[in-house]
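A note on names: the letters A, B, ... follow the listed sequences, proteins ahead of strands, and every chain is numbered from 1.
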Amino acid sequence: MILFYGRLDDAPLRRAVEAARESGVEHVLIEQRLLAHHDLVLHADEGGGAGCVVVAGTTVPLGDVRAAYLRPLEVAVDGDVVDQLRARTFHAGLMEWADVTGALVINRPTAMESNSSKPFQAQLIARAGFAVPETLVTSEPDLAAEFRRQHGRVIYKSVSGVRSIVRELDDAVAARLDRVRSVPTMFQAYVPGVDVRVHVVGSRVFATEITSASTDYRYAARDGNEALLAAVELPQEVAAQCVQLSTQLHLPLCGIDLRRRPDGRWICFEVNPMPAYSYYEANTGQPIAQAIVELCAEPRPAPPLTAGR
Amino acid sequence: MTDRTILILGHPYDPGTRSVRAELRPGPARPVLVLTPELAAATTWAHRVGTDGQARTALRLPGGRRLTDQDIGCVLNRWDHLPAARLTGASERDREYGALEWQALMASWLAGLAERVVNRPNALAMDAGPRSPRGWLALAVAAGLPVARSVLATTARLVPAGIGGPARPLGPFVPAGASSTGRTPVTFGWAADPTNPDYDDPLSPAGAVEVLVVGGRSLGAPTAGIGDACVDVANRAGCSIVAFRFGGGPGEDAVLQRVCTRPTLAGAGHVSAVADLCRSIAQWGDPR
């Protein structure tokens, strides 16, 4: 049994649910917008622990769940205070279960946390053998200006995973560098080259090359540019490094942002633990949703509880 | 010869911060610095990550003192809140954003210092170890510790009979009568919460036993087996300092009820054990 958790208006979750349905794989969907109408019971004792979810009147023992694909978004519930409390409790409880169950979880909440700090994650990425961009996080305007002089072109973005739009540090922004005194800001040496987004699903690798004039191709339309996506094959050693990286980060599914420099070297910017793969799938025809379902449906024994970190 | 600095990420209102600092007997040859979130916010930070992933950090404190990674021998993490962004008239959303940015910087800085950090946080929060009570429970069960039977449920009517202890409604506000409708989320038994301020009263209720793990050894364990299991849990959690509270019954019937990674250190020998650990790490590295 595969457990899906998230919102059906979220394309990556919807695509995976459709793929499970088309494949005839047994699954249960917990629609996050209806949490107040579902129930959750979690047990813990010296024998381990499990529990159940009750979805649309049907009880599903959590011990029957062999794999889970989670796309947790913000919990927003209409209804009274009890409905909201029930929804928050359900969400928090399910996330706790996802961290300790022995089932395959795509992805465990604690494993997703590395993306909450880009420089922290960069240290982990480098351990998998990828080079990462030269990075400075500072609250000192002069250091930021010096970093720009040193590297010529510099981009800036949030240190954490929020408000994570990549922008180039141009003269206009440089004139306002005093603002970094209020909160440390992250600067990176600009890396020339071609963007390649790699989705790793278990040991399978789907690479997409993106051509765009924008600094951050995800926002190309807003910049008046376009982004062209094409499926590509990675060199074998780079593909293997990507799988190694996802394994090291305990992320059975991830979106790895690479750039191939003109000199052929590869730089890794970050690893997205909850990738919106459907955008790439729709543009390239890569069967990523199907791969997720196939990974989840692989035979595996009944899950024991596992460590929580 | 001057030792490397022992840095306590702590607070003036925290007895643990004050007592460990005093026990370390700071002096010219043994620098000890309490870095509060407020001091961190007023400090100039330069945190670099090279293309090989190596992190290097330099701090310039108000007054001009500089601290680089090479100057730091040990960091004891006892922060219960983060620095605030220095934004005047900031919205709540901007303040939350500022806290996340600080968290992200702290996590990366301390990751770069690696085993020199006691109770190293992860990317999302300053707390060390598993994020949830259930994570601690799973580790405790795996280590063979007796744990309280517990249930979390979105409705009391799904909880089987025979669960010990009273049901505690969840949430800051439960409307009168809601419990009787069976819709209210409840929890039974386990009350582990590493950030729970209730934990500041370490030995209540009466009869509770606290085991403190410090740097791979246990203090106050009722049996060697319990002590070893607590050390095992701390190691699995990646924590050098963890307090475990057992209660709910006399002697061997006691079960693990709470876990805390920022213990008050009020028990006999606690402060000196933590100070010894900090000194040892500053000199030799983590003994675990």
Region of Thr57(B) that comes under 4.5 Å of a non-hydrogen atom in chain A
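Answer is neither: Thr57(B) stays 4.5 Å or more from chain A.
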Heavy-atom cut-off 4.5 Å, strictly under: side chain, backbone, both or neither for Ala46(B) against chain A?
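Answer is both: backbone and side chain atoms of Ala46(B) are under 4.5 Å from chain A.
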Please identify, among Gly112(B), Ala125(B), Ala142(B), the residue contributing the most non-hydrogen atom pairs under 4.5 Å to chain A.
Gly112(B)
Only pairs of heavy atoms separated by less than 4.5 Å count here; which of Pro83(B), Ala58(B), Ala107(B) has the most with chain A?
Ala107(B)
Checked Val159(A), Ile267(A), Thr138(A) vs chain B; the most non-hydrogen pairs under 4.5 Å come from Val159(A)
Can you name the closest pair of heavy atoms from [X] and [Y] and give their distance?
| X | Y | value |
| --- | --- | --- |
| Phe120(A) | Ser108(B) | N-OG, 3.2 Å |
| Pro184(A) | Leu105(B) | CG-CD2, 3.6 Å |
| Ala138(B) | Val100(A) | CB-CG1, 3.8 Å |
| Gln123(A) | Ala111(B) | OE1-C, 3.7 Å |
| Leu143(A) | Trp45(B) | CD1-O, 4.4 Å |

Using distance alone, with no hydrogens and no angle criterion, decide if Thr51(B) and Glu134(A) have a side-chain donor and acceptor under 3.5 Å apart.
no
Do Gln103(B) and Ser117(A) meet the criterion of a side-chain donor-acceptor pair at a distance under 3.5 Å?
no
How long is the straight-line distance from OG of Ser139(A) back to NE2 of His47(B), given to the nearest 0.5 Å?
12.5 Å
Measure the NE2-CG distance between His43(A) and Leu137(B) for me, rounded to the nearest 0.5 Å.
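So the gap between those two atoms works out to 13.5 Å.
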Would you say [atom1] of [X] has more than 12 non-hydrogen atoms from neighbouring residues, nucleotides or ligands within 6.0 angstrom?
| X | atom1 | value |
| --- | --- | --- |
| Arg56(B) | CZ | no |
| Glu74(A) | CD | no |
| Arg60(B) | CZ | no |
| Arg176(A) | CZ | yes |

Pairwise side-chain contact, [X] with [Y], heavy-atom cut-off 4.5 Å (strictly under):
| X | Y | result |
| --- | --- | --- |
| Glu113(A) | Arg131(B) | yes |
| Arg86(A) | Thr155(B) | yes |
| Tyr97(B) | Val162(A) | yes |

Can you spot which of Val54(A), Leu42(A), Asp39(A), Val53(A) makes a side-chain contact (heavy atoms from CB on, under 4.5 Å) with Thr154(B)?
Asp39(A)
Polar side-chain atom of [X] near backbone of [Y] as donor-acceptor pair, under 3.5 Å:
| X | Y | result |
| --- | --- | --- |
| Ser116(A) | Leu124(B) | no |
| Thr44(B) | Glu140(A) | no |
| Glu101(B) | Ser160(A) | yes |

Heavy-atom contact with chain B under 4.5 Å, split by part of [X]:
| X | value |
| --- | --- |
| Leu136(A) | both |
| Phe147(A) | side chain |
| Pro133(A) | backbone |

side-chain contact (heavy atoms from CB on, under 4.5 Å) for Leu152(B) and Val41(A)? Distances and angles first, verdict last.
CA-CA 6 Å; Leu152(B) 173 75; Val41(A) 181; over 6 Å; no
